[in-house]
Amino acid sequence: HRFFRAGAWCMSRLWEQLSRRGVERFYPQGAIPLTLDDTAFHKSGRKIEGAGWWRDAVRSTGQRVVHCFGLNLAVLCLRIDPPWGGEPLSLPINARLHHTGEERLLDLAEAMIREVAQWFPGRTLQLSADGFFATLAGQKVPNTHLTSRMRRDAAIYTAPPQRRPGQFGICATVILMLIRYALTLALSRWERGQMKSGDGAPFHSGTSPLPARSANWPLRKTSRASQL
């Protein structure tokens with residue numbers, strides 16, 4: 001048990017060796033079929049790294065969501081057709097642990113696909129995944145063809161242009177537009193306001209004027225107000 005517990009393991013090297021053996025045995029030429037999904041590994045204990053409450057996709061239904069305590073893993077598998085026939089099998093060739101508040105499942109999946117693409121630079125990866133990973137189609141993953149599902153009424157847009165250095169983001173642009181609109185609206189209301197000659201404070205149409213004060217107010221008289 002100490003060999004596994006205290007040993008220094010490099011998972012990337014292990015996955016690389018396993019994937020190379022599998023590809024050489026089952027797919028020496030042509031495209032490499034892969035499958036991608038996330039799964040909940042039931043593991044209890046107070047000192048389990050990365051453990052938490054996750055949605056159990058197996059026991060959950062459309063009307064009822066079931067959560068379980070354990071690990072959430074993103075797994076990339078090599079699809080193998082067994083010689084005895086039947087349903088295809090999935091051999092894991094890469095896996096990442098999903099921590100709460102850190103990298104998203106989509107980011108972990110993209111990192112795994114890019115890593116496998118580096119192991120097989122001259123091969124095409126035919127990736128199959130569910131609708132949760134459909135957005136990977138816009139990440140420009142090298143040498144990868146993604147097959148997934150999506151909503152029939154989904155809104156599809158082209159990728160946004162590359163942001164220039166120093167360019168404001170969408171949030172800053174919207175904030176500046178709101179500030180400019182608020183200032184324009186306040187200025188237009190001030191220009192439409194009326195001010196009675198001799199009073200020390202402005203008033204708008206439909207309201208009674210404020211009483212005069214001794215303090216010097218920095219007022220701006222409009223041409224319409226000067227005629228009153």
Side-chain angles (χ1 to χ4, degrees), residues 3-5 7-43 48-51 54-60 68 70-100 102-152 154 156-159 162:
F3 174 77
F4 293 99
R5 179 174 59 86
W9 296 91
C10 181
M11 295 303 299
S12 179
R13 295 285 301 276
L14 177 63
W15 292 125
E16 181 180 1
Q17 294 299 323
L18 180 61
S19 61
R20 289 187 181 277
R21 297 297 185 272
V23 170
E24 291 175 1
R25 173 63 178 83
F26 298 100
Y27 301 99
Q29 297 178 356
I32 303 175
L34 302 176
T35 57
L36 173 66
D37 201 358
D38 66 298
T39 181
F41 179 70
H42 299 269
K43 188 69 174 178
I48 304 299
E49 181 185 0
W54 309 98
R55 176 181 175 272
D56 193 341
V58 177
R59 295 186 296 172
S60 298
C68 64
L71 303 176
N72 189 19
L73 301 173
V75 185
L76 183 64
C77 301
L78 176 67
R79 190 177 64 214
I80 299 174
D81 295 324
W84 56 83
E87 296 293 334
L89 304 178
S90 294
L91 176 64
I93 60 173
N94 209 333
R96 299 291 174 88
L97 179 61
H98 179 213
H99 293 81
T100 304
E102 297 185 7
E103 289 185 289
R104 304 176 304 167
L105 283 173
L106 292 173
D107 299 332
L108 297 177
E110 181 182 353
M112 290 191 298
I113 299 172
R114 292 184 181 276
E115 191 174 32
V116 175
Q118 292 178 357
W119 298 341
F120 305 98
R123 306 289 294 275
T124 300
L125 306 179
Q126 291 184 350
L127 179 63
S128 300
D130 58 7
F132 179 80
F133 299 96
T135 55
L136 292 175
Q139 300 301 322
K140 299 181 180 180
V141 184
N143 303 333
T144 303
H145 178 78
L146 175 62
T147 302
S148 181
R149 64 178 184 177
M150 60 187 303
R151 293 171 57 99
R152 297 179 58 183
I156 304 177
Y157 302 94
T158 57
Q162 188 176 4

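Once rounded to the nearest 0.5 Å, the distance linking CG of Leu146 with CD of Gln126 reads 11.0 Å. Rounded to the nearest 0.5 Å, atoms CG (Leu36) and CE (Met112) are 5.5 Å apart. Atom CD of Glu110 sits about 12.0 Å away from atom NZ of Lys140, to the nearest 0.5 Å.
Considering all non-hydrogen atoms of both residues, Phe133 and Leu105 come closest at CE2-O, 4.1 Å. Nearest heavy-atom pair across Trp119 and Ser19 is CE3-OG, 3.3 Å.
Considering only residues two or more places apart in sequence or on other chains, Arg123 meets the side-chain hydrogen bond (donor to acceptor under 3.5 Å, both in side chains) condition with none of them. Applying the side-chain contact (heavy atoms from CB on, under 4.5 Å) criterion to Thr147, with sequence neighbours excluded, gives Ser128, His145. His42 meets the side-chain contact (heavy atoms from CB on, under 4.5 Å) test with Asp56, Arg59, Cys68; sequence neighbours excluded. For Arg149, the salt bridge (charged side-chain N to carboxylate O under 4.0 Å, His left out) criterion is met by no residue, not counting sequence neighbours. When the side-chain contact (heavy atoms from CB on, under 4.5 Å) test is applied to Arg152, no partner is found at least two apart in sequence or on another chain. For Asp107, the side-chain hydrogen bond (donor to acceptor under 3.5 Å, both in side chains) partners at least two apart in sequence or on another chain are Arg104. Scanning for side-chain contact (heavy atoms from CB on, under 4.5 Å) contacts around Ala117 gives Leu125, Pro142, with sequence neighbours left out. Shown here are the side-chain hydrogen bond (donor to acceptor under 3.5 Å, both in side chains) partners of Arg55, two or more places apart in sequence or in another chain: there are none.
Put simply, the side chain of Phe132 reaches to within 4.5 Å of the side chain of Leu106, judged on heavy atoms.
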Side chains of residues 70-99: which donor-acceptor partners sit under 3.5 Å, not counting sequence neighbours?
from, atom 1, to, atom 2, distance (Å)
Asn72, ND2, His98, ND1, 3.0
Ser90, OG, Thr35, OG1, 3.4
Asn94, ND2, Glu115, OE1, 2.9
Arg96, NH2, Glu115, OE1, 2.8
His98, NE2, Glu103, O, 3.4

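Here salt bridge (charged side-chain N to carboxylate O under 4.0 Å, His left out) pairs that include residues 9-23, with residues two or more places apart or in two chains, are Glu16-Arg20. For residues 23-39, there are no salt bridge (charged side-chain N to carboxylate O under 4.0 Å, His left out) pairs, not counting sequence neighbours.
Between the side chain of Thr124 and the backbone N or O of Ala31 there is no donor-acceptor pair closer than 3.5 Å. In terms of modelled atom types and a separation under 3.5 Å, the side chain of Asn143 and the main chain of Pro121 share a donor-acceptor contact.
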Can Trp54 and Thr100 be said to form a side-chain contact (heavy atoms from CB on, under 4.5 Å), step by step? CA-CA 10 Å; Trp54 309 98; Thr100 304; 3.3 Å; yes
